[in-house]
There are 4 protein chains.
Amino acid sequence: MTFSVAVAGASGYAGGELLRILAGHPELEVRTVTAHQNAGHPLIAHQPHLRSLAHLTLQDTSAETLSGHDVVFLALPHGTSGEIAAQLPADTIVVDCGADHRLEDPADWAAFYGGEHFGAWAYGVPELPIGGSAGGPGKQRDHLVGARRIAAPGCNASAVSLALAPGIQAGLIDDEDIVAVLAVGPSGAGKSLKTMYLASEILGSANPYAVGGTHRHIPEIQQNLRKAGAGSPTVSFTPVLVPMSRGILATSTARVKPGVTAEQVQAAWEDAYAGEPFVHVLPAGVLPRTSDVLGANTVLIGVALDAAAGRVVTVLAIDNLYKGTAGAAIQSVNIALGLDETAGLTVNGVAP
Amino acid sequence: MTFSVAVAGASGYAGGELLRILAGHPELEVRTVTAHQNAGHPLIAHQPHLRSLAHLTLQDTSAETLSGHDVVFLALPHGTSGEIAAQLPADTIVVDCGADHRLEDPADWAAFYGGEHFGAWAYGVPELPIGGSAGGPGKQRDHLVGARRIAAPGCNASAVSLALAPGIQAGLIDDEDIVAVLAVGPSGAGKSLKTMYLASEILGSANPYAVGGTHRHIPEIQQNLRKAGAGSPTVSFTPVLVPMSRGILATSTARVKPGVTAEQVQAAWEDAYAGEPFVHVLPAGVLPRTSDVLGANTVLIGVALDAAAGRVVTVLAIDNLYKGTAGAAIQSVNIALGLDETAGLTVNGVAP
Amino acid sequence: MTFSVAVAGASGYAGGELLRILAGHPELEVRTVTAHQNAGHPLIAHQPHLRSLAHLTLQDTSAETLSGHDVVFLALPHGTSGEIAAQLPADTIVVDCGADHRLEDPADWAAFYGGEHFGAWAYGVPELPIGGSAGGPGKQRDHLVGARRIAAPGCNASAVSLALAPGIQAGLIDDEDIVAVLAVGPSGAGKSLKTMYLASEILGSANPYAVGGTHRHIPEIQQNLRKAGAGSPTVSFTPVLVPMSRGILATSTARVKPGVTAEQVQAAWEDAYAGEPFVHVLPAGVLPRTSDVLGANTVLIGVALDAAAGRVVTVLAIDNLYKGTAGAAIQSVNIALGLDETAGLTVNGVAP
Amino acid sequence: MTFSVAVAGASGYAGGELLRILAGHPELEVRTVTAHQNAGHPLIAHQPHLRSLAHLTLQDTSAETLSGHDVVFLALPHGTSGEIAAQLPADTIVVDCGADHRLEDPADWAAFYGGEHFGAWAYGVPELPIGGSAGGPGKQRDHLVGARRIAAPGCNASAVSLALAPGIQAGLIDDEDIVAVLAVGPSGAGKSLKTMYLASEILGSANPYAVGGTHRHIPEIQQNLRKAGAGSPTVSFTPVLVPMSRGILATSTARVKPGVTAEQVQAAWEDAYAGEPFVHVLPAGVLPRTSDVLGANTVLIGVALDAAAGRVVTVLAIDNLYKGTAGAAIQSVNIALGLDETAGLTVNGVAP
């Protein structure tokens, strides 16, 4: 069976990655692509790498052009998807790749984004444990089954949450005093025309931004970790732009509880993701690189106990555009529609 | 007055940077260059960027070829400089750019390096505070005045130590539970022929290594912080190779003591480096980039208080080859010889 | 129906790309992977991006381990595949991804490679025109149908040949005085441990090599162009390593015959590749980028007539590892086996 | 003696490089910096790498702010410097780093730029031979002595002209049918906010532009080569953006005259630049890399005779911002003022 798909924001990077994956999906078929500013242009003029979709023309982004499809992906700037989404039929699967439907707490929304709070949808990181050590076992996947409204995750939030949730859930680490530093590629910023994203500014340099507790993915991480069993987690979060177009290498650390051994740590992380098709905990001593997961829906996690420092150190590699955004969205739709969760998604990275 | 200089290990990256700076130094003159494996070759064959030194020929590295100079820089692999240094005259200034003379505690040496422990020399980060909050004020500079044996610092150790020493000294942060994550360029590894350093492995990827408390710069950081006033500091340290040839962007965080304000933090960091020609604390809200200090002896530090996370977050940019190694060495020699500390050293980065 | 496949040289870059594509091929199944130096290791230790092949173990490269498969891909250093190939059964499809079976003329082989000449096999660039303006129409594809011995092309040779063959065949350009300059990524050199391929040498720099008529792909280009109708083509060929892991951007120019118009040029190039699934001539004024074809079997060609300079200028983008090597090999096997020529091959690049 | 300097366009890349070099110049002192859009900002806000100039504030760009200095550098967009320059005193040295005063022929200006033609000034590539094989010997340097109006060169034009002028002058190569392909970094485009210059578009990709005879540096090359002795040179010119912030690697080729030997070629190129402090012809078989000249006023040229192709192939490395623009401008001012031509300019590149 084939489901009809529309992608809004199709001339951007997230939209392009959605289309690239969808072009190879056996059961989802792209019928409509929209882009506010570039309506009327051939898609290929803005996404010259998408040869198999050269027949598509960009339309205006509106409830009208997006209606009549089984699935609508919104790859729009924060603050604009909420309004469009409200006009789409209730039985259409709508996936918001922006931030508008990620945060449950209006106070978080007000503090980090501002403007109208649209409320939270089913969260598109199926593998994240929920329930915590005390609660019943479960994963975010449970909420995605049959969902008609899905919030794709923030790429950085997804990385840090997946990295530390196992330790939270197993009760091996403190939820206070988490520290995460991420090396990230600039594609996460989209085609935003700012001097800081010019090639001459990024090439040969490592450039931090949003330092000191201001990054918008912080409340999303906290929300995810609370669902995994944390109380009131604190997260020091620092992103650093580095000269690679895509990829996130997240180093996330937390204080280990007294007496916990390296073996317990390794086992807890492996258990948390046992059987998952896309999230893998590497053997002790093996570390992931972003090139290993470039162009793939794969998450690789290395974990180590630094006994001297009293911390569990996790290193996680993810492609911000694929598993961090577009792949997570499509994986979630696969679940919502009852398809094979892995349909159309690759696990093999493009390397070197 | 002109002092005669020899550089051992002149065909490597650290040696090349020493020579590049020395070529513009008004009072130090390179007379001898040595390289074990490439003896007999013209220097320019291995350092084609050093046009002004095209007349030099590489000689064998030995006590004989290195003797008879006022200053000898040893840019040799760890474990080899100790032996050579022991054969050089006591009144020659010898700078070890390797690790052999950095660590005071034989136990640290045994745990992280192994082999013969040669003891510690005057430490080549002049700006580092010593004495701590309780002790008298001072800086590592004090030990460099008139020194004849100098240990150039580990580039990563220098970065993290400079980033956090002000908070330690001022008593604003805990010395327990420091977390540092560094984005680093591959030139720090020298011309080592390993697959992990091939361009195809580094380009487009972020690659962690030495995760979980194993990196050799950890005891050096701890030693530096103890001198700044720390008790028994713990440091979770994670380096990540990113695709830029040089540069370190160090994100170093520590728990802030109760009641400390952002203003106090900013003031303490500014005070620590007030008047320093090479280390600058940026205004609140301004962040450094490695391109700002590429090819310069400058260290730029941004500092923020993340009250929600309970941590001071520092972001520090340094050129690993210049201020991280060769510039620190030459700055230290300037001090030892009683020259202007800034002689031959630039503060302006090469950007973009 | 499923065909059994073995890949020799599976721990290298070309071998890795073969495996990555084969992992998604509907009718070819990898059963055996070999690597001389790393026999006994799990494949994933050397190709950590190939998650779906994590169950495979590297074996020794020998006629014995490679026998018993329907298809054998040899991704071995030049000079070693000839010997192995000679020991494999005649009805096995053997694809040599090295140079040993590309050149027909023993004099070419002697001049550019040396050692035993193994003779030429069916050439794995199906889209290349043969016959020329005088001869009957045809393409290299014709020789691949039913072939049991296939020579995958040199990636640079493939690029320049595809760029200029249309003009040769249509009689619009001179075959004398062709000039080609290529910006190439270092992955084409494999995992060779030479200083020139270290990340520190490649990052931030453009580095020429094999200048002045010495590159081994020159006779292969000449052979291809002769088959397209050239007499005794001369090719000035200069490759320049640039800091991207994969990709070739080939600028290939030739003198235009008197009176030829831009419209004739555009039409001739479009006609040459009309209906080809993987080779596309872009509309006049549109230029290809290597990121458009990264990770794809697509070749994009832009062509322009520079009337003032009297030259046709072609700019061609290709992924050296995919369409330049592994994709060409698999496409050729698809043809040889009578499968859909596009089976298992993607046309969409991974961008940004 | 100290000369007073103003730099207009000080917040851009060319302006930044002028300032970086001037900051170390023994006889030129920057007193005024201007920038149209950013007037009132501290310079350091836009050029955070220029620590030694942190005391300067950007002023408005006007004849008023620029007057009263010995030397004025205009690093302004094409078409704007002509108007400003006309208002400055005749005895002020004015250096136009834009294109407005490079082309002598109004027809060239009309064809490639358009708008008002301001006429040509003394051309800032001192080493370029003039007079040709028939005329008397000389160099562009002759026109710079005592000059009060100087046109800094186009960086690409400078590269190709320096590469081929020796062969033209010596009568060893044809001036017809020159072909040049350049790998260039994006900093040459300045801080222009266009999608094509975003890091995500440049990283990991090689991107051609201005293909087929449209690039504005073509008439400048032709003008330079005519002065070196060419008749009506034709130049096929193709620039390719590659992922390095600065640098040009120009491969420039021309047909060799019959009977010319490799030794004659090598000798002619060496002779042309014998004694030049900044332009060096490498020994036969040695090739330049852009990293060798990054941050330096050095030009490195490798030259080879490809007898089979009938072409001389030159490979030239230059830093587009340094010797390609700002260094050339300052070198020219040194000459105009009668200072040591090398004052304030380095010959050593920053590598790796």
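Below, read A as the first sequence line, B as the second, and so on, with proteins coming before strands; counting in each chain starts at 1.
- Not a single donor-acceptor pair under 3.5 Å links the side chain of D:Asp292 to the backbone N or O of D:Pro288.
- Of all non-hydrogen atoms in C:Ala165 and C:Ala228, the two that sit nearest each other are CB-CB, 4.0 Å.
- When each of D:Ser245, D:Gly310, D:Gly212 is checked for heavy-atom pairs under 4.5 Å with chain C, D:Gly212 comes out on top.
- By the 4.5 Å heavy-atom criterion applied to side chains, D:Asp108 and D:Tyr113 are not counted as neighbours.
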>> Applying side-chain contact (heavy atoms from CB on, under 4.5 Å) to C:Ile178 and C:Leu164, what does each step give before you reach the verdict?
In response: CA-CA 9 Å; C:Ile178 289 165; C:Leu164 292 181; 3.4 Å; yes
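- D:Trp109 places no side-chain N or O within donor-acceptor distance of the main-chain N or O of D:Leu103, the cut-off being under 3.5 Å.
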>> Could you go through C:Phe237 and C:Thr214, starting from their C-alpha distance and side-chain angles, then the distance that decides it, and tell me whether this counts as side-chain contact (heavy atoms from CB on, under 4.5 Å)?
In response: CA-CA 8 Å; C:Phe237 178 95; C:Thr214 62; over 6 Å; no
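- Heavy-atom proximity under 4.5 angstrom to chain D picks out nothing from residues 154-161 of chain C.
- The main-chain N or O of C:Pro233 is found under 3.5 Å from a side-chain atom of C:Gln222 such that the two form a donor-acceptor pair.
- With hydrogens and angles ignored, the 3.5 Å screen pairs a side-chain donor or acceptor of D:Trp269 with a backbone N or O of D:Ala163.
- Proximity to chain D is limited to the side chain of C:Ala304, based on heavy atoms less than 4.5 angstrom apart.
- Identified by a heavy-atom distance below 4.5 Å to chain C, the contributing residues of residues 313-327 of chain D are D:Val313, D:Val315, in residue-number order.
- Within residues 251-267 of chain D, the residues having any heavy atom under 4.5 Å from a heavy atom of chain C are, by residue number, D:Thr251, D:Thr253, D:Arg255.
- Minimum interatomic distance between D:Pro208 and C:Leu249 (heavy atoms only, all atoms of both residues): CD-CD2, 3.9 Å.
- Of the atoms belonging to D:Val235, it is backbone heavy atoms, and not side-chain ones, that fall under 4.5 Å from chain C.
- Between the C:Asp174 side chain and the C:Glu176 main chain, no donor and acceptor come within less than 3.5 Å of each other.
- The interface of residues 180-190 of chain D with chain C, defined by heavy-atom distances below 4.5 Å, comprises D:Val181, D:Ala183.
- Salt bridge D:Asp177/C:Arg311: present, at least one basic N to carboxylate O contact under 4.0 Å.
- Looking only at heavy-atom pairs under 4.5 Å with chain D, the residue among C:Ser200, C:Gly302, C:Ala206 that has the most is C:Ala206.
- Of the possible polar contacts, one joining the C:Asp175 side chain to the C:Gly231 backbone as a donor-acceptor pair under 3.5 Å is found.
- Side-chain contact between D:Pro153 and D:Glu220: present, with at least one pair of heavy atoms (C-beta onward) separated by less than 4.5 Å.
- Side-chain atoms of D:Tyr197 never come within 3.5 Å of backbone atoms of D:Ile202 as a donor-acceptor pair (strictly under, hydrogens ignored).
- Taking each heavy atom of D:Phe112 and D:Arg216 in turn, the nearest pair found is O-NE, 2.9 Å.
- Contact of the D:His217 side chain with the D:Arg102 side chain is registered, since non-hydrogen atoms from C-beta on lie closer than 4.5 Å.
- Between C:Arg289 and D:Met196 the shortest side-chain heavy-atom distance does not fall below 4.5 Å.
- Contacts between C:Thr238 and chain D at a heavy-atom distance below 4.5 Å involve the side chain alone, from C-beta outward.
- Inspection of the D:Asn348 and D:Thr346 side chains reveals no N or O donor paired with an N or O acceptor under 3.5 Å.
- Shortest non-hydrogen contact noted between D:His215 and D:Ala210 is CD2-CB, 3.8 Å.
- Looking at D:Leu294, the atoms closer than 4.5 Å to chain C (heavy atoms on both sides) all sit in the side chain, from C-beta outward.
- Counting heavy-atom pairs under 4.5 Å between each of D:Val303, D:Asp306, D:Thr234 and chain C puts D:Asp306 at the top.
- C:Gln223 places a side-chain N or O within donor-acceptor distance of the main-chain N or O of C:Glu104, the cut-off being under 3.5 Å.
- For the set C:Gly213, C:Ala351, C:Gly247, the entry with the most heavy-atom pairs within less than 4.5 Å of chain D is C:Gly213.
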